[in-house]
2 protein chains.
Amino acid sequence: MPSIEALRIFVEAAVHGSFSEAARRLHKSQSTVSASIANLEIDLGVALFDRHARLPVLTGAGQHLLANAEQVLTAQDRLLRAAAGLASGYEPRLSIALSDTYQPDRLEALQAEFDARYPEIELECLIAECADLLALIESGRAQLGFVERQPDYPPGLAYAPAAEPSAMDVYVSRRHPLAQRSHVELAQLDDYRALRLTTVQQQTPQRPRGHSWSAPSYLMLMEMAQGGFGWAELPCWLVERYGAESLQRLPLAGWPRLVTVDVVWSRDRPPGPAGVWLQTRMTGP
Amino acid sequence: MPSIEALRIFVEAAVHGSFSEAARRLHKSQSTVSASIANLEIDLGVALFDRHARLPVLTGAGQHLLANAEQVLTAQDRLLRAAAGLASGYEPRLSIALSDTYQPDRLEALQAEFDARYPEIELECLIAECADLLALIESGRAQLGFVERQPDYPPGLAYAPAAEPSAMDVYVSRRHPLAQRSHVELAQLDDYRALRLTTVQQQTPQRPRGHSWSAPSYLMLMEMAQGGFGWAELPCWLVERYGAESLQRLPLAGWPRLVTVDVVWSRDRPPGPAGVWLQTRMTGP
DNA sequence: AGATACCATCGATAAAAGCGATAGATCATG
DNA sequence: CATGATCTATCGCTTTTATCGATGGTATCT
């Protein structure tokens, strides 16, 4: 069972083609390098270097095993790097809970930036809306959430408005009766089925609004609207990107409206440095 | 600098969720496991396990580093596996020299079989014809070659006929004057430009046959023939696969003809076990 | 309460990793 | 051809480290 140090010595000697050079670079004595490689050859049962020349040259087997040894070292290097990050307080993974109100193109740019800055940290994205999302944050399952601004937040949750607001509008299928009208009043909406967001959490039992249908994500709501089952309030970007051809906005007064997206986190379980970076990156300029 | 053994102990303990269990499986004392993990935590600067419960449970950092540690171990496992293969006489890489006379679909099947049987061994394919190919074998650059049967082989080279022969025929471009004839005699070919194989090696200076053009591979010859520059003797499979729409065979008596493909290797530098397997696989049933 | 199984800690011992010194080998140079 | 420089292999010696058994504290189950 070869030790990591022996592999490092082997690689250094192979790369520089000299035991003495490797000893100098690794700040070890030449005898250590020599003995270490000799032991490694015994352990592996293969001659790594051809020592007939003045300087040792890799054998064919040595060349082949060099690649494997380097893989071991790079894997170990990643381990140490990750440990160093964790030791200095960085979280091993960051879970963010997303509402569909947040545009994915902005999110992708953000993810790319995050990956460049924190390549070691796992990033997990969860999809949830409203109370479900807040529950993810409260339970610690996610550290950061992006939600449409709520009328009130549970205690222990902190929030800050994200930099850019999001546009919402009311849509119906092109085949829906409302789609033909050139003028629609808000009161008329009650005559048709509403498609509303629901949540798995039902701590605050919502007043059941007539014969409405509901789903836990805007994407499912949009698919219901595309089916012609009713009208729904949806993020404009979602419709423009995935449902433009089969949906139509309603000409309501005051719509589309701009919705503030809040960044939410738990005060008890605050996000780590990477989460803080992501949060300030969202709320800042 | 964590040792491999420490990582193995860590992984074993993490997987089974118990230090004692890991000690039993690794045939070490419980104190060794305990101390080893404690040292690992000191080295990495991170708490790996939460010891408040009866059984230790991984911390978040521990979960994250567990994945890294497993990567180190699998890399080391590959290293040991490769070394074991080399120690028992297997070559680190096998270079085979191919003539275009050998059908690639059979070759791909063979490569798949080789990969399944010898996943550790690098397989290198070189393209060469005739004297060039034999030179690759003689020099030791390649260990195995597939060539159209030669009238004579250099001393020191052994050969055996491959199981399946290969068909060759004479082709011209559809725009070539010969393409219109319903009957062609061999002697008439001399009236038109021949496209012949040439080799980089010019040890045996071939008699320059009139105003012929030449190239070192059948693929290049075929492209010349497609350009309408003359007639060429080509492997049937090559034309059928890549040049069927622009080339046409000549109705010559005795053609197409079957050519034996020989497997060639050097008697001085015989191929290793994997090469022998490949060779017998080719010549056998 | 008792039995059991778990983890942490403490010396003691054996294995190894490391170093300096030395000797043999190879290459460049006068 | 002789010489100096530089390389690798090997030999003791010291120091570090890994491993063990024994012991004690603690949680879990009967």
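Just so it is clear, the values below take in all heavy atoms, side chains as well, and ignore hydrogens, waters and symmetry mates. Everything numeric here is computed off the predicted structure, so don't read it as measured data.
- No side-chain heavy atom of B:L98 sits under 4.5 Å from any side-chain heavy atom of B:V147.
- Residue B:S3 is classed as having no contact, given no heavy-atom separation below 4.0 Å to the nucleic acid.
- Nearer to the 5' terminus of DNA chain D, by closest-nucleotide assignment, is the contact made by A:S20 (compared with the other of A:S20 and B:I9).
- With A:Q143 contributing its side chain and A:S95 its backbone, the two residues share a donor-acceptor pair below 3.5 Å.
- Annotation: proximity of residues 58-66 of chain A to DNA chain D (heavy atom, distance under 4.0 Å) is found for no residue.
- Under the 3.5 Å distance criterion, the side-chain polar atoms of A:Y90 are left unmatched by any main-chain donor or acceptor of A:A87.
- Checked by atom type, the side-chain pair A:S29/A:S31 shows a donor-acceptor distance below 3.5 Å.
- Residues of residues 31-53 of chain B that place a heavy atom closer than 4.0 Å to DNA chain D, in numerical order, are B:S31, B:T32.
- Aromatic rings from A:W277 and A:Y118 are positioned such that their centres are separated by under 6.0 Å.
- One interatomic measurement links the two molecules: CD of A:Q30 to P of D:dA9, which rounds to 8 Å at whole-angstrom precision.
- For the side chain to side chain contact (heavy atoms under 4.5 Å, CB included) test, residues two or more places apart in sequence or in another chain that qualify with A:E120 are A:R81, A:A82.
- With salt bridges taken as basic N to acidic carboxylate O contacts below 4.0 Å, none links B:E138 and B:R269.
- The nucleotide range of DNA chain C contacted by chain A, defined by atoms under 4.0 angstrom from heavy atoms of the protein and reported 5' to 3', is C:dG18 to C:dC27.
- As a whole-Å value, the separation of A:H16 NE2 from D:dC7 P is 13 Å.
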What's touching nucleotides 4-6 of chain D from the protein side, N or O pairs under 3.5 Å?
from  : atom 1 : to    : atom 2 : distance (Å)
D:dT6 : O4'    : A:R54 : NH2    : 3.4
D:dT6 : O2     : A:R54 : NH1    : 3.1
D:dT6 : O2     : A:R54 : NH2    : 3.1

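- When atom types are taken as modelled, the side chain of B:E91 and the backbone of B:G275 share a donor-acceptor pair closer than 3.5 angstrom.
- Using five terminal pairs a side, the axes of the helix from C:dA1-D:dT30 to C:dG30-D:dC1 at its two ends make an angle of 30°, given in steps of 10 degrees.
- With respect to the salt-bridge test (charged N to carboxylate O, under 4.0 angstrom), the residues A:E21 and A:K28 do not qualify.
- The pair A:E124-A:R141 counts as a salt bridge, with a side-chain nitrogen and a carboxylate oxygen less than 4.0 angstrom apart.
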